[in-house]
Chemist: 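Just dropping this structure here.
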Amino acid sequence: TALPICLLSCLLLLSFFASSRSIECKKEGPCKCRSDEGVLDLSPLQNTSNGPIFKGLFDGTYYYQYSPCEDFSNSLCTNAAICQTVPGSGSDTYFNCGRASKTTFQTSDVTGFIEIIYEGGDYDSGQKTNRSSLVSCICDESIEARIETYGDGGTLEYDFTLTSKYCCFMKVGVTISVGSLLLMIFLLC
């Protein structure tokens, strides 16, 4: 009787871990979050001169500048993490598309990637909403940083993909894998 109870316990535990694989990443700063997987920290990508590290990003229509961790102010935008330039004839127009001081973290239901949402951008009276940006973090240990922009599709939420080794979770402290936990339960039974 002890063996079937132990096997049932193992199966229940395994099904719990299999169903709870969605990563919750709790914010620890504007570009840093912590989960059971470890710490995701984009601060090595912060420009030490307090300006945007990514410049000249082009989505086919507009140009963008991006500072992952701190808001910047320059001749184009004020207190922005993401700034959009709308090229014009003679004079360009600029929009704040989100602030580092107003970030949230979430996990994409579709891709499973961690997403950083930059809110608090300039208000658009026509659509009655503030501009915001969503940056999907893709872990690739072989890439320092590569960013792509996809525009907003008319929604005023601008989409970016950041592929970087800094989008990978850094392990901190002692962690126990599901396999190790199951082995311990098996040995105890």
Chemist: Check whether the SG atoms of Cys139 and Cys167 are less than 2.5 Å apart, and answer yes or no.
Modeler: no

Chemist: Run the side-chain donor-acceptor check on residues 95-102: report pairs under 3.5 Å with partners two or more places apart or on a different chain.
Modeler:
{"residue": "Asn96", "atom": "OD1", "partner": "Gly98", "partner atom": "N", "Å": "2.8"}
{"residue": "Asn96", "atom": "ND2", "partner": "Thr78", "partner atom": "O", "Å": "3.2"}
{"residue": "Asn96", "atom": "ND2", "partner": "Asn79", "partner atom": "O", "Å": "2.9"}
{"residue": "Arg99", "atom": "NE", "partner": "Gly120", "partner atom": "O", "Å": "2.8"}
{"residue": "Arg99", "atom": "NH1", "partner": "Asn79", "partner atom": "O", "Å": "2.8"}
{"residue": "Ser101", "atom": "OG", "partner": "Asp71", "partner atom": "OD2", "Å": "2.9"}

Chemist: Check ring-ring contact (aromatic ring centres under 6.0 Å, His included) between Tyr64 and all other residues, then give those that pass, not counting sequence neighbours.
Modeler: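 Scan of Tyr64 (ring-ring contact (aromatic ring centres under 6.0 Å, His included), adjacent residues dropped) gives Tyr158, Phe160.
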
Chemist: Going by the rule side-chain hydrogen bond (donor to acceptor under 3.5 Å, both in side chains), which residues pair with Asp140 if we only count those two or more places apart in sequence or in a different chain?
Modeler: Ser142

Chemist: Can Ser43 and Lys32 be counted as having a side-chain donor-acceptor contact under 3.5 angstrom?
Modeler: no

Chemist: Taking only residues two or more places apart in sequence, or in another chain, which ones meet Lys165 in a salt bridge (Lys or Arg N to Asp or Glu O under 4.0 Å)?
Modeler: Glu144

Chemist: Answer yes or no: are there more than 12 heavy-atom neighbours, outside Tyr62 itself, under 6.0 Å from its atom OH?
Modeler: no

Chemist: Nearest 0.5 Å, please: how far is OG1 in Thr155 from CG in Asp124?
Modeler: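 One gets 11.0 Å once the value is rounded to the nearest 0.5 Å.
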
Chemist: Taking side-chain hydrogen bond (donor to acceptor under 3.5 Å, both in side chains) as the definition, give me every residue that meets it alongside Glu28, ordered by chain and number, with sequence neighbours left out.
Modeler: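 So Glu28 forms a side-chain hydrogen bond (donor to acceptor under 3.5 Å, both in side chains) with Arg34.
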
Chemist: Would you mind reporting whether Leu45 and Cys31 have side-chain heavy atoms less than 4.5 Å apart?
Modeler: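 The answer is no; the side chains never approach within 4.5 Å.
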
Chemist: Apply side-chain hydrogen bond (donor to acceptor under 3.5 Å, both in side chains) to the pair Lys27 and Thr103, showing each step before the final yes or no.
Modeler: CA-CA 9 Å; Lys27 181 177 175 176; Thr103 56; 3.1 Å; yes

Chemist: For Asn130 and Gly121, indicate whether the former's side chain and the latter's backbone hold a donor-acceptor pair under 3.5 Å.
Modeler: yes

Chemist: Under a plain distance cut-off of 3.5 Å, with no hydrogens placed, do Ser67 and Gln46 share a side-chain donor-acceptor pair?
Modeler: yes

Chemist: What pairs with Phe58 under ring-ring contact (aromatic ring centres under 6.0 Å, His included), at least two apart in sequence or on another chain?
Modeler: Tyr63

Chemist: If you measure only the distance, is there a donor-acceptor pair under 3.5 Å linking the side chains of Gln84 and Asp122?
Modeler: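 Asp122 and Gln84 do not have a side-chain donor-acceptor pair below 3.5 Å.
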
Chemist: What distance separates Leu134 CG from Glu119 CD, expressed to the nearest 0.5 Å?
Modeler: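 Separation between the atoms: 10.0 Å.
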
